[in-house]
Amino acid sequence: MNTFIRLCLATAVALGTALSAGEPSSTSLPPYLSGTDLFVAGSTSEIGPENLFYSPQYPLWSDGAEKRRWLHLPSGTSIDAAHAEAWEFPPGTRLWKEFSIGSRIETRYIERRADGSWQYATYIWKEDGSDAVLAPTNGVKALTTASGARYSIPSEAECRACHEGAAVPVLGIGALQLSSDRDLHTPHAEPARTQQLDLRALVARGLLRNFPREFLDKPPRISAATPTERAALGYLHGNCGHCHNDAGPLAPLGLALAQDPSKGALSSRNILQSLIGVSSRFRASSANTPTQRIVPGQPDNSMLVLRLRSRNPLIQMPPIGTYSVDAEGLALIERWIQHDLPTHQEITP
């Protein structure tokens with residue numbers, strides 16, 4: 001760990017609730033990760049048995065960081081799963097997501113309060129792994145990992161920008177993401193692990209109510225013409241759909257990339273219709289840049305590809321949270337556009 005991160009952590013320990021000069025985090029949050037009840041008492045490595053491990057089949061790219069995730073529901077409660085991709089979580093729900101690049105860097109935490117609101121926090125791991133310290137609400141920018149890569153700790157506002165653009169602030173948990181029919185062609189696919197939550201496990205534990213029976217009989221999957229298209233649509237769902245959907249603040253853009261398995265093939269059709277043959281509202285400074293979101297067979301003339309390729313802050317997508325291009329994800333999208341994507345006429349009803 002570099003000197004700058006050490007100084008941040010030293011400051012955090014001294015102040016208890018801040019990592020560097022800046023706005024302190026909410027006083028309602030524990031100053032250390034161990035205070036959030038993720039671990040068994042006295043440990044910062046053994047996860048408490050009441051905290052359930054899960055892994056979405058379409059993970060979000062975060063500059064190559066490896067992740068582990070856990071969900072905690074208060075005793076006697078359950079999730080209302082009537083809406084496939086907009087589950088309603090009870091007050092007291094807690095979620096953690098650990099990021100590692102060689103060693104643990106940060107663990108992000110969200111909790112639903114008694115009044116139904118959500119609070120967000122990030123904890124930065126000490127070099128010795130003894131605990132993680134609460135970051136300030138304005139985050140920590142431009143850190144450098146042991147491998148020399150740039151890295152940043154998000155601010156609370158950045159957390160809200162991603163999480164609260166979706167139907168519910170909990171990302172990566174829903175009928176599609178936890179389907180047992182996992183797509184192993186997706187970039188950075190994480191194979192199912194022992195005791196990992198999926199839909200059947202949640203139902204067996206009594207943790208889902210109002211869950212559509214058809215999803216147990218036939219686990220949800222993305223409707224697609226080819227395995228490449230299924231993986232590409234899943235990648236867009238996991239990396240873009242929480243902001244680009246038909247119900248959030250960006251709905252007026254008419255770019256809906258979030259899958260709704262309850263709609264079956266219509267969901268994928270709607271996504272394709274919002275991409276193919278549609279003029280992009282984004283305009284780059286160069287006169288030679290693409291004007292359409294996607295041109296089938298022409299990734300170089302597709303605005304989606306331009307924005308995924310760039311890490312210019314004025315152009316890149318996603319707009320925050322990454323410093324490096326996801327080469328594997330980009331290659332998938334380019335391959336899909338080049339070889340698998342139907343023409344606009346083929347998807348028009």
Side-chain angles (χ1 to χ4, degrees), residues 55-67 99-102 145 147-151 162 171-172 176-177 181-192 221-244 255-259 268 271-272 274-278 280 282 284 286 288-344 346-347:
S55 175
Q57 66 168 321
Y58 297 111
L60 179 70
W61 162 256
S62 301
D63 286 349
E66 296 181 3
K67 302 176 187 177
F99 293 69
S100 299
I101 300 179
T145 67
S147 63
R150 295 177 68 193
Y151 195 89
C162 287
L171 306 180
L176 178 61
Q177 289 283 34
D181 185 0
R182 291 177 74 87
D183 183 356
L184 297 182
H185 294 281
T186 189
H188 325 297
E190 301 171 5
R221 62 179 286 150
I222 292 174
S223 175
T226 68
T228 296
E229 181 170 275
R230 180 190 176 195
L233 292 175
Y235 182 82
L236 295 175
H237 173 79
N239 285 270
C240 313
H242 49 278
C243 288
H244 292 289
L255 179 60
L257 301 179
Q259 287 279 338
S268 293
I271 291 169
L272 293 175
S274 78
L275 285 168
I276 300 173
V278 179
S280 173
F282 177 81
S286 172
N288 297 321
T289 55
T291 59
Q292 293 193 349
R293 288 172 176 168
I294 283 183
V295 180
Q298 301 180 43
D300 291 344
N301 289 325
S302 301
M303 180 62 78
L304 176 65
V305 171
L306 169 73
R307 304 196 72 180
L308 291 175
R309 284 177 180 170
S310 176
R311 278 306 169 264
N312 178 333
L314 300 178
I315 299 175
Q316 73 174 58
M317 279 292 166
I320 57 176
T322 66
Y323 287 112
S324 60
V325 172
D326 179 4
E328 187 178 345
L330 175 61
L332 168 67
I333 298 298
E334 290 175 332
R335 187 166 66 251
W336 172 54
I337 293 173
Q338 183 73 53
H339 301 291
D340 291 61
L341 198 60
T343 66
H344 183 52
E346 289 173 334
I347 64 166

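Source: prediction; values computed, not measured.
- When atom types are taken as modelled, the side chain of Lys67 and the backbone of Trp61 share no donor-acceptor pair closer than 3.5 angstrom.
- Checked against side-chain contact (heavy atoms from CB on, under 4.5 Å), Arg221 has the following partners two or more places apart in sequence or in another chain: Asp181, Arg230.
- Taking CD of Gln338 as the start and OG1 of Thr228 as the end, the distance is 12.5 Å to the nearest 0.5 Å.
- Considering all non-hydrogen atoms of both residues, Asn312 and Ser310 come closest at N-OG, 2.9 Å.
- Of the possible polar contacts, none joining the Ser280 side chain to the Met303 backbone as a donor-acceptor pair under 3.5 Å is found.
- Taking a 6.0 Å sphere around CD of Glu66, one finds it holds 12 or fewer heavy atoms contributed by other residues, nucleotides or ligands.
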### Task
Could you please spell out the steps behind the side chain to side chain contact (heavy atoms under 4.5 Å, CB included) verdict for Phe282 and Thr289?
CA-CA 10 Å; Phe282 177 81; Thr289 55; over 6 Å; no

### Task
Take Leu233 and Ser223, measure what side chain to side chain contact (heavy atoms under 4.5 Å, CB included) needs, and give me the verdict at the end.
CA-CA 9 Å; Leu233 292 175; Ser223 175; over 6 Å; no

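- Ile294 places none of its side-chain heavy atoms less than 4.5 Å from the side chain of Asn301.
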### Message
Test side chain to side chain contact (heavy atoms under 4.5 Å, CB included) on Val325 and Leu308; report intermediate values, then the result.
### Response
CA-CA 7 Å; Val325 172; Leu308 291 175; over 6 Å; no

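- Across all their heavy atoms, Phe99 and Ser62 have their closest contact at CE2-OG, 3.7 Å.
- Proximity of a side-chain donor or acceptor of His185 to a complementary backbone N or O of Pro227 within less than 3.5 Å is not detected.
- Listed here is the closest heavy atom pair of Leu314 and Arg307: O-NH2, 4.4 Å.
- In this structure a side-chain-to-backbone donor-acceptor pair under 3.5 Å is missing from Gln57 to Gln177.
- The shortest distance between side-chain heavy atoms of Ile222 and Leu176 falls below 4.5 Å.
- The closest side-chain heavy-atom distance from Gln292 to Ser302 is not below 4.5 Å.
- Residues that satisfy the salt bridge (Lys or Arg N to Asp or Glu O under 4.0 Å) test with Glu190, not counting sequence neighbours, are Arg69.
- Listed by first then second residue, pairs satisfying salt bridge (Lys or Arg N to Asp or Glu O under 4.0 Å) with a partner in residues 312-330 number zero, not counting sequence neighbours.
- The shortest heavy-atom contact between Ile271 and Gln259 is CD1-NE2, 3.2 Å.
- Judged purely by atom type and a 3.5 angstrom limit, Asp63 uses its side chain to pair as donor or acceptor with the backbone of Ser324.
- With 3.5 Å as the limit, one finds a donor-acceptor pair spanning the side chains of Tyr58 and Asp183.
- Using a 4.5 Å heavy-atom threshold, the side chains of Leu171 and Leu60 count as separate.
- With a 4.5 Å cut-off on side-chain heavy atoms, Pro342 and Leu272 count as touching.
- Within the 4.5 Å cutoff, the side chain of Pro290 has no heavy atoms near those of the Val295 side chain.
- Closest non-hydrogen pair, Asn239 versus Pro59, comes out as ND2-O, 3.5 Å.
- Residues that satisfy the side chain to side chain donor-acceptor pair (under 3.5 Å) test with Glu229, not counting sequence neighbours, are Trp336.
- Between Leu255 and Arg293, the closest side-chain pair of non-hydrogen atoms falls below 4.5 Å.
- Between His237 and Leu257 there is no side-chain heavy-atom pair separated by less than 4.5 Å.
- Partners of Arg309 by salt bridge (Lys or Arg N to Asp or Glu O under 4.0 Å), not counting sequence neighbours, listed by chain and number: Asp300, Glu334.
- For residues 310-325, no residue pair satisfies the salt bridge (Lys or Arg N to Asp or Glu O under 4.0 Å) rule, not counting sequence neighbours.
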